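Working notes, beginning with the structure itself.
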Protein chains: 2
Amino acid sequence: MDTVKKWRSKTYTGEGCPVEASLELFSGKGKGMILYHLLEGTLRFNELKRRLGSVTQRMLTKQLRELEASGLVHRQVYAVVPPKVEYRLTDTGASLEPILLALKEWGEEHALPILRQQAKIPAES
Amino acid sequence: MDTVKKWRSKTYTGEGCPVEASLELFSGKGKGMILYHLLEGTLRFNELKRRLGSVTQRMLTKQLRELEASGLVHRQVYAVVPPKVEYRLTDTGASLEPILLALKEWGEEHALPILRQQAKIPAES
DNA sequence: CTGTATCCTGCTGGATACTG
DNA sequence: CAGTATCCAGCAGGATACAG
């Protein structure tokens, strides 16, 4: 693959667009953050919840279920009391690492300043 | 790869998360595709519309305005008849190239197959 | 600890018609 | 050609309460 100077003119219009397809899989409140934090390794439900902070329980469950259905995250349930459930990236999920790291760096350098300028997020606590 | 084994424990929770911030800027119907197609160079409104195909005029205008407000896209208006408006990436927008290309490749390899399996998109036109 | 079940609201985005 | 203006439906996602 030589840098994709000329991508296949295979008409990436509409629903078949791979860029949109990728974005669709991360779209949903907190999915990006979830995947990013799971890069660190296996995490239990509440560990994840604590790291995300602002996400509600309902949403976290929902996003995790979607990520599981997409095959990006694996859910491991232990039959113990109190309940213990661990989440980790699948191989497919782990293949997102370079993208997630790139998004983080670009976010720090560009996205956060832009959003702050647009007053969409507080000026940093 | 020791890149980010331990990221700054600077609590990327909630709204200050750079990954989420980046994703927020692309979220919105077709934004990913728009940016991707503009990598090719300057495009007029209708050229862009033709490439995207499935996006309505209203949405395209809306997304372009948002991208412009974020400083990722530049809008050049020519005072002629019939009207002529060109769109191109700003430097900040162009800095997304590696991410967009990565999203495209990951999308072809993983996202599209996943979405097809979930029957969210037709089995290829 | 790890979830479901409801209820409810706002925003996203589609369809359509009109304009400089 | 390149928009703007309306109207409207659907669903994402918050708040809250309950459960194994």
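Because the structure is a prediction, the values reported are computed rather than measured.
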- prompt: Considering residues, nucleotides and ligands other than Glu47(A), do more than 12 of their heavy atoms fall under 6.0 Å from its CD?
  reply: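 Yes, enclosed.
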- request: Can you run down the ring-ring contact (aromatic ring centres under 6.0 Å, His included) pairs that involve residues 66-109 of chain B, sequence neighbours left out, and say none if there aren't any?
  value: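 Output for this query lists Trp106(B)-His110(B).
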- request: Show the numbers, then the answer: is there a side-chain contact (heavy atoms from CB on, under 4.5 Å) between Val85(B) and Gln76(B)?
  value: CA-CA 6 Å; Val85(B) 181; Gln76(B) 176 82 11; over 6 Å; no
Protein-to-nucleotide contact annotation, 5' to 3' order, nucleotides 13-20 of chain D [B base; S sugar-phosphate only; - none; under 4.0 Å, heavy atom]: BBB----B
task: Could you pull out the closest heavy-atom pair between Leu100(A) and Val19(B), with the gap in Å?
output: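 Taking Leu100(A) first and Val19(B) second, the nearest heavy atoms are O-CG2, 4.1 Å.
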message: Could you walk me through whether Ile34(A) and Val55(A) satisfy the side-chain contact (heavy atoms from CB on, under 4.5 Å) test, starting with their C-alpha distance in whole Å, then the side-chain angles of each, then the deciding distance to 0.1 Å, before giving a yes or no?
response: CA-CA 10 Å; Ile34(A) 291 172; Val55(A) 179; over 6 Å; no
Interface limits on DNA chain C, where chain A has a heavy atom under 4.0 Å of a nucleotide atom: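 The contacted stretch runs from dC1(C) to dT6(C).
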In this structure, how many angstroms lie between the [atom2] atom of [N] and the [atom1] atom of [X], rounded?
{"X": "Glu68(B)", "N": "dA2(D)", "atom1": "CD", "atom2": "P", "result": "15 Å"}
{"X": "Arg65(B)", "N": "dT4(D)", "atom1": "CZ", "atom2": "C1'", "result": "10 Å"}
{"X": "Leu60(B)", "N": "dG3(D)", "atom1": "CG", "atom2": "P", "result": "8 Å"}
{"X": "Tyr87(B)", "N": "dA2(D)", "atom1": "OH", "atom2": "P", "result": "8 Å"}

message: Could you measure the distance from the CE atom of Met33(B) to the CG atom of Leu38(B)? Nearest 0.5 Å is fine.
response: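 It comes to 11.5 Å.
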- request: Give the intermediate values and the outcome of side-chain contact (heavy atoms from CB on, under 4.5 Å) for residues Leu35(B) and Val73(B).
  value: CA-CA 8 Å; Leu35(B) 291 170; Val73(B) 163; 4.1 Å; yes
query: Tyr78(B) near the nucleic acid: base, sugar-phosphate alone, or nothing, with a heavy-atom cut-off under 4.0 Å?
result: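 Here Tyr78(B) touches no strand at all.
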query: Is Lys62(B) salt-bridged to Glu66(B), cutoff N-O under 4.0 Å?
result: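 Salt bridge flag = yes for Glu66(B) with Lys62(B).
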query: dA2(D) phosphate, OP1 or OP2: any side-chain N/O from Arg50(B) under 4.0 angstrom?
result: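 So the side-chain polar atoms of Arg50(B) never come under 4.0 Å of the phosphate oxygens OP1 or OP2 of dA2(D).
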